[in-house]
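The structure under discussion appears below in the form of structure tokens.
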Amino acid sequence: MSGDLLAAITAAIVRLRGADPMLPVSVLVPNHVLGTQLARALFASTGQIAIEFLLPHEFAWKCAARQALAEGLLPVPDQVDVAIAMDCAERVATALETPAYLKEAARMAGFPPAALRSIRDLQAADVPLGALVAAAPHAPDPEKLHVLARLAEDYARTLDAAHLLERESLYSRAAALQPGADSGPVIVIGDISASSGLERLLGRVKQTRPFAWLVEERGFVGERHLQRRTELQARSGLLAEPVAPVASRKSSLSRLHRDLFTDSGCTKPQPLDGSVRILSAAGESLECVEIARLIRDEARRGVRFQEMAVLLRQPSAYAPHLASAFDRAGIDAFFLEGVPRVDPAARALSLYLDLLDGDLDRSPVLEFLTTAQVPYRSFLPADARISPARWDRISAKAGIVSGIETWRINLGKAVESAEEGDYAADEVPLINALRQVIDRLEMSLSAFPQEGSWREFLDATVAALEAWITRSALTAERLSRVLSPMERFAPAPTRRQFISRAQDLLASQVYREGDLADGRVFVGSVDVAQGLQFKVVFVPGLVERRFPSIVRPDPLLLDEERVLLSDGLETTGERQEQERVRFARACAAAGESLVLSYPRIDAQGGRERVPSSFLLRAASAATGRRVSAEDLRRMAAAGETSLGRPYPQTADTAIDGLERDLALVASGVKGAARHLIDDAPTIARALQAERSAWAKDLTAYDGVVNLKPWPAFAARLRLHGRSVSATRIEAFGACPYRHLLSAGLGLREWEEPERAYVLTGRDRGSVIHAVLDTLFKELKDAKQLPIEAGTLARVKSRAATLLDQALATLVSDGGVVHRALLNGPRDAMRVDLDTMLEKEAKDDSGFVPHAMEVEFEGVSIAFAAGRSLSVHGWIDRLDVNRRTRQVRVIDYKTGWNDWKAEDQFRGGQSVQLAIYVRAAEQAYPKLTVAESRYYFCTSKQRFACKGIEGTPETTATLNSVLTTLDDIAEQGVFAPVADACGFCDFKGICGPHRERRAAHKADDPRLAAFHRMREIV
Ligand code: SF4
């Protein structure tokens, strides 16, 4: 704090003590930070003792405690008032007389705290509840005032029943008990907050004890603020003694202190002299990095950490950035509001509480199991396999969405299918362990009470915490400390109310390190700046809407209603003026140097930020001339970093090793960053990969692999000697690198099962396939093929029934959330089926469906001399023409027809039809394969067909494609050709610019055969 204030307090103490230097003195301070600083400074500089620094309500309790305790009364404990307000809001929401729109409002999470603020304002302004009712007919929303009056009455009644004293009553009691037992002098520092009770107490203190009221006048205090102080003095007889600093016009800082928010400084323009600095940075995070850099500079100049402060308008928004920057720069700091560091146990418990209202939804369950440090060994057998990460993959693969039954059934099926090879052998013990974990979790969640008292809910929460989360003592202690008093004072909560309060506490768990002034930079809210003083002060975040922040009207007590009720109720305009007062106090806290800063860009939204009008006013006051936004941009130092350059110009000014290394690399000086490569071979490889990516030749970084040392792996990538599906060959033909990633390394896209609210394309295809398969099999068994005009109506009707059955199965299997969602697609599918069957009935080609859903396996294709593969798969339908002794293959398609008229093999990417020809040849050795065709069996695709004939040319082209691909695999050239990435799952691996990089390497001779293959239509 300033020396002027200290001197004034010392003089007041000496004066008020008179002849008795040991008379206890109570000094009432606006906040504990000032109290702590004053206590230390007073003792160090004057040796005065027996002085107690108290907040006004602490002083009131000191006066009234004995009598209150004798009556069984206590002050309202922390959080209990909110819990009571929540309970009252619940009654408002269910009361018959509450209008519907206010019932809805009362159920919102923000309503109880807002109502509590309004009630406190009414109490502080001494507004009787009857006045609310009386004012209602003249208010814009009479119903709202009635509801507020009922709620305030309910709140007061509940407090009475719990024997709790709210603050205004406490002040009044303390006033009635003056002079207190000690009767020592009382000194008030700073402004007296708006409270009729406090005003009465201090008025009474002044009459009965030695009394002084000291107000430090440094710069702007606000007109309305001054007016209220004058009115208070006139009403209560309290007289403020101004403590004015010694006037100085020499520095930019003193001009700023004097002229901020006045126009008197605009006469003698002066440049900034260094006592005021303006800083801008790309975003909040870099702004904090630059502040850390300046703090280190100041420390090098000899300023001690405890002589510096960062004052924040919104500590919660800046504290994490500052904490991170200070950690990096090795700066010790004391965060008054704490640093919101994530406590893993608190976060895990919050996730557990989220599960209480769910239905064991897979995603949150796995988030809990993978995030929480669960003591699995305490309840699973010693040999159980535990891996939350693999449980995540297994449960996703098992298609679990939610519900204990689904978990049990699908995990059971997973164990069964593991025997068929769907899961790796070592996954069975993992699945069994997961089954036990889920059963236990379900029991634990079911045991959580549906209703109960605060104690019962708290006990259940702590029990769950101890059962499911390790290292949870701190979280359990905090929950118990804050929520235990509720049992005694607050009405029983609903389960939702309890969970909401507990989760609020868990989310706001903050940590404070160290102590004020023990060699740490002070970081705190501008709200505590009154009276404080540091050598160097930083005020970051000076952009519009943040500082000044937007003050919104009280929704429960609008300004006009406040004016109607009492002069003592603050309006929005007055609260907006408080923003100026806050800023002036923050600036006044700077004794030698002030750094005002702002982020130029909203780092999340990418929008440019508008510098605060306060910053412009401060710059104008400091320079004595009008400063525009453009001037400000020129005046502001840009800092050492920017969005595109998160490191300083030179390594000397780096705040940590990361900045230093980046600066050294960017310097371009040969060998400057050699230590990076020496220390980490991965960096050398990364640099090599980056260079190779843009080189003209294919390298090991482009999927060129020497497979000789790994013959088994090489065999897996070849076609020769393998049994493969047509789909796998097509993926190879689309991109050799894709083949390496999927067939070689076994990578595949993560599939997250989820609730489906629409019918997906894949589901639509499965349903149509299932219907047609069953229908044609039935018709064949009944010898009713081909379909004829006379039987068409019956066939259509049967198809409709089968469609309904297939859709019902889809819903019961959890593929779609509700049957009603399928009504639209069902009608469209039925029209498609009808049309398709009509076309079948008119088909005079002579082909008759002969076999449906035909599995083929071991179809051998000798594609080159000494080289062959075998293919497997399914054919939807085989039709036979007995007259011509031909067979044709039908493959149903329900998706998009992107085939052009001339397309056949599409550069080696489409071999399925040609492979079906070979499969049909082997299935019907005595017949000729006429054609293999895709049948786009939907109205949208106009029932188009795309076919390939079973000719020697087809066989030759297929062999040529297979030979090219097998050659590539044999040579180990799995290049990312990047000309068909559209539906590839590996775009994230290949990254951006893959097409440009591939184009660079297109002339590599090792790809010549592949590019020739691309020319096949
Ligand atoms: S993203 Fe493109 S280049 Fe990469 S593997 Fe897939 S198809 Fe090949």
Side-chain angles (χ1 to χ4, degrees), residues 1-2 4-5 8 28-31 33-34 55-56 117 120-127 171 187-203 212-245 256-265 311 313 525-533 539 547-554 557 559 562-563 565-590 612-614 617-618 621:
M1 97 289 341
S2 72
D4 306 312
L5 181 61
L28 308 195
V29 287
N31 60 68
V33 181
L34 181 60
L55 301 185
R117 282 194 295 274
R120 283 195 192 128
D121 284 357
L122 290 168
Q123 289 169 340
D126 239 355
V127 178
Y171 287 142
I187 301 171
V188 178
I189 309 293
D191 275 310
I192 295 169
S193 56
S195 157
S196 53
L198 180 58
E199 203 176 306
R200 271 193 293 279
L201 169 60
L202 295 180
W213 176 16
L214 307 177
V215 178
E216 195 174 22
E217 298 290 10
R218 279 192 287 169
F220 177 80
V221 278
E223 280 171 29
R224 182 65 186 135
H225 197 76
L226 267 182
Q227 190 188 335
R228 282 211 181 267
R229 193 193 293 166
T230 309
E231 288 166 3
L232 184 147
Q233 293 185 91
R235 263 195 322 266
S236 63
L238 300 168
L239 202 62
E241 295 174 38
V243 180
L256 186 153
H257 285 163
R258 191 196 58 213
D259 296 335
L260 184 63
F261 298 124
T262 70
D263 293 326
S264 59
L311 299 176
R313 177 63 187 96
S525 163
V526 290
D527 289 334
V528 300
Q530 187 181 6
L532 296 183
Q533 198 158 73
V539 185
F547 201 1
S549 69
I550 295 176
V551 177
R552 300 187 196 285
D554 175 358
L557 214 49
D559 283 349
R562 287 175 165 252
V563 170
L565 286 165
S566 164
D567 277 352
L569 285 169
E570 270 191 340
T571 58
T572 311
E574 286 172 63
R575 289 195 293 128
Q576 195 70 58
E577 189 188 65
Q578 279 298 319
E579 288 291 293
R580 289 175 163 217
V581 175
R582 285 190 181 97
F583 182 63
R585 284 177 177 164
C587 294
S612 161
S613 58
F614 287 0
R617 298 295 293 258

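Every value quoted in this text rests on a predicted model; they were computed, and no experiment measured them.
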Inset, instruction - Could you list the residues that satisfy salt bridge (Lys or Arg N to Asp or Glu O under 4.0 Å) with R562, not counting sequence neighbours? - result: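 Counting only residues at least two positions away or on another chain, R562 forms a salt bridge (Lys or Arg N to Asp or Glu O under 4.0 Å) with D121, D554.
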So, does [X] use its side chain to make a donor-acceptor pair with the main chain of [Y] at under 3.5 Å?
X: Q530; Y: R585; result: no
X: W213; Y: P242; result: no
X: R582; Y: A529; result: no
X: E241; Y: A212; result: no
X: S612; Y: F547; result: yes
X: Q233; Y: A240; result: yes
X: D559; Y: T571; result: no

On a heavy-atom basis, which atom in [X] and which in [Y] lie closest, and how many Å separate them?
X: E579; Y: V551; value: CG-CG2, 4.2 Å
X: V243; Y: A8; value: CG2-CB, 3.7 Å
X: G531; Y: L5; value: O-CD2, 4.1 Å
X: P548; Y: Q576; value: CB-NE2, 4.1 Å
X: L238; Y: L232; value: CD1-CD2, 3.9 Å
X: S236; Y: E199; value: CB-CG, 4.1 Å

Kindly compute the distance separating [atom1] ([X]) from [atom2] ([Y]), expressed to the nearest 0.5 Å.
X: R575; Y: S549; atom1: CZ; atom2: OG; value: 9.5 Å
X: I189; Y: L214; atom1: CD1; atom2: CG; value: 4.5 Å
X: C587; Y: L311; atom1: SG; atom2: CG; value: 9.0 Å
X: T572; Y: I550; atom1: OG1; atom2: CD1; value: 12.5 Å
X: E216; Y: D191; atom1: CD; atom2: CG; value: 11.5 Å
X: L122; Y: L565; atom1: CG; atom2: CG; value: 6.5 Å

Inset, instruction - Using a 4.5 Å cut-off on heavy atoms from C-beta on, say whether the side chain of L28 contacts that of L202. - result: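 Answer yes - side chains close enough.
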Inset, instruction - Would you mind reporting whether R200 and D126 have side-chain heavy atoms less than 4.5 Å apart? - result: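 A side-chain contact under 4.5 Å exists here.
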Inset, instruction - Determine whether the side chains of Q227 and R224 contain a donor N or O and an acceptor N or O closer than 3.5 Å. - result: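 There is such a pair between these side chains.
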Inset, instruction - Using a strict cut-off of less than 4.0 Å between a Lys/Arg side-chain nitrogen and an Asp/Glu carboxylate oxygen, indicate whether R228 and E570 qualify as a salt bridge. - result: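 E570 and R228: not salt-bridged.
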Legend entry - Salt bridge E577-R580, side-chain N to carboxylate O under 4.0 Å: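 Answer for the salt bridge query: no.
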Legend entry - Stepwise side chain to side chain contact (heavy atoms under 4.5 Å, CB included) test for V215 and R229: CA-CA 11 Å; V215 178; R229 193 193 293 166; 3.4 Å; yes
